[in-house]
Structures are given as structure tokens and as C-alpha cells.
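Following: one structure in C-alpha cells, then a few remarks.
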Amino acid sequence: MSTVKRRLQESVERPNPVSPVHFWQSPPGASVDVFVTAHLHVYSAIHEHAASSLPNETGGFLLGRVAFDERRGSWHVDIDETMPVDPLSQDPVHFSFSWRDVDRVRNHRELERKALLGWYHTHPGLGIFLSETDLEKTHRVLFAEPFQLALVYDPVRGRAGYFVWEGPQLIDASQAAWREFEIVVGPDVPIAAAEEPSVDAAVSPVAVEAPSLDAGRESEPLE
């Protein structure tokens, strides 16, 4: 197991440019295999959004590409974009947004031919977990596809973690060391550092159509 030691810089001068990413996967023996690749500029954008909102909570959407390895039964998620929400209300332990934000991200992902991979939100100083409100009023309502995930970031402690579906409407929302990693903010972009399990996976992706979200109910907040 190794920790990220240095920052990778993308070079446009290379014949094959390399983008810095962070890799995360569900632990060995889990009921579902999810492999997540997040471009580091995504974490940078999330941190900037989180820092500008302190001491309050905030959040947004995660977009990119998704594929399914039918032979192994594994999901492969590539996060390359975020879309922050415009909170209807927010305080240090709560924020809400409207269905107008949902409609906006739906239109964007259709235009860009991307998948809506999930959402992120912050827990300033509170740690990495999903509350009952997070689950019942947001995740189960908007992100029920088996590949959709939640990223929780604590900008005070610099810790983050992913939450994934382990079955139909089955998710472990508790704090767990295996899901967490550190986001170290530097002068350019953050480095995601974690003890990563080794991976031995042959990828045979099958494109998956991202879900359509029903817009409307703009006045009804999502918390």
C-alpha cells in the first residue's frame, strides 16, 4: 500500500498528456465492486466551493463517465466535472437546494453526453458519514442508480470519503476508515492521498445510459 508522494502535473507538451487523478475502490469482500477515478481538479473545485461556504454546509453534483464490466460485475466511474448548487438555505449542519438545480444538471449532462454520477456535500468539522436526512431526502430520491455515489468532504479536517450502493436501496452510511482519504490542498491542485488496496482487474466496459431526472416541483427543497 502506498501513499501519493508528489503532485502530478499535466503537460500539454507531452505527445500523450497525463492528467493527475485519484483512484478509490470499494474494499475487498464488499458486496459490490466500484472503481472510482476522480480527476484532481474536481477535488480542487470542491475544496474551493467548500471553503467559500464556511462555516456552512454546501454541495453539488458529480458528472463524468460510467462503464460496467459484466464479466466481473464491477462498476467503473470516472469523475471529471462538478456542478455546485445554489443553496436555498444553509447553516453549519444543513443545506437545501431546489429541483431547479436538478433540472439544470440534467440539461447539462444531456448536452455534454455525460452521466450524472452522484453528488458531493460538506460536513465542516463533523466527519465523514451520511445522515438520515442525506439518505432519505437526497440520495434515495435522486441517486438510486447502482453506480451513483455520494462524496462527503470535511473541509476543516481535510478528509473525504465515498458512499456506494451495496444493493437495491442498501448503503452503509456510517463512518469507516476504509472509505476515507485525505485531500491536501496545495498552491496548484489538491492531492488525494490514501492507502489504496491493490487492484487486479481486467476492464471490459459496457456503456451505461445515465438516468433521466424528472424536473419540476421547483419550490420543494431537497436537503
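Contact record, Asp78 with Leu117: O-CD1, 3.3 Å, taken as the closest heavy-atom pair. Nearest heavy-atom pair, Val93 versus Asp91, reported as atom, atom and distance to 0.1 Å: N-OD1, 2.8 Å.
Taking CZ from Arg109 and CZ from Arg104, the interatomic distance works out to 15.0 Å, rounded to the nearest 0.5 Å. Taking CD from Gln175 and CG from Leu126, the interatomic distance works out to 9.5 Å, rounded to the nearest 0.5 Å. The distance from the CG atom of Leu130 to the CD atom of Glu136 is 11.0 Å, given to the nearest 0.5 Å.
Taking the six-membered ring for Trp, His22 and Tyr43 have ring centres closer than 6.0 Å.
Between His121 and Asp134, the side chains place a donor N or O and an acceptor N or O closer than 3.5 Å (distance only, hydrogens not considered). The closest side-chain donor-acceptor pair between Glu81 and His108 falls under 3.5 angstrom. Checking Ser74 against His76 by side-chain atom types alone, a donor-acceptor pair falls below 3.5 Å.
Salt bridge annotation for Arg100-Asp86: absent, with no cationic side-chain nitrogen under 4.0 angstrom from a carboxylate oxygen.
A 4.5 Å side-chain heavy-atom check between Trp75 and Val66 finds at least one atom pair inside the cut-off. Residues Phe143 and Thr138 meet the side-chain proximity criterion, which asks for heavy atoms closer than 4.5 Å. Counting heavy atoms from C-beta on, the side chains of Tyr162 and Val36 come closer than 4.5 Å. Residues Trp178 and Pro27 form a side-chain contact, since some pair of their non-hydrogen atoms from C-beta on lies under 4.5 Å apart.
In this structure, Ser89 contributes its side chain and Phe95 its backbone to no donor-acceptor pair below 3.5 Å. Trp119 places no side-chain N or O within 3.5 Å of a backbone atom of His139 that could act as its donor or acceptor partner. No donor-acceptor pair closer than 3.5 Å links the side chain of Asp101 to the backbone N or O of Phe97.
When Thr82, Leu149, Val42, Val85 are each tested for a side chain to side chain contact (heavy atoms under 4.5 Å, CB included) with Tyr120, only one passes: Thr82.
Taking the ring axis of Phe181 as reference, the NZ or CZ atom of Arg159 does not stay both within 45° of it and closer than 6.0 Å to the ring centre.
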Donor-acceptor pairs are to be reported for all side-chain atoms of residues 54-61 against protein atoms at under 3.5 Å, with residues two or more places apart or in another chain.
from  : atom 1 : to    : atom 2 : distance (Å)
Thr58 : OG1    : His49 : NE2    : 3.0

>> Could you walk me through whether Asp80 and Lys114 satisfy the salt bridge (charged side-chain N to carboxylate O under 4.0 Å, His left out) test, starting with their C-alpha distance in whole Å, then the side-chain angles of each, then the deciding distance to 0.1 Å, before giving a yes or no?
In response: CA-CA 10 Å; Asp80 65 10; Lys114 290 188 176 184; 3.0 Å; yes

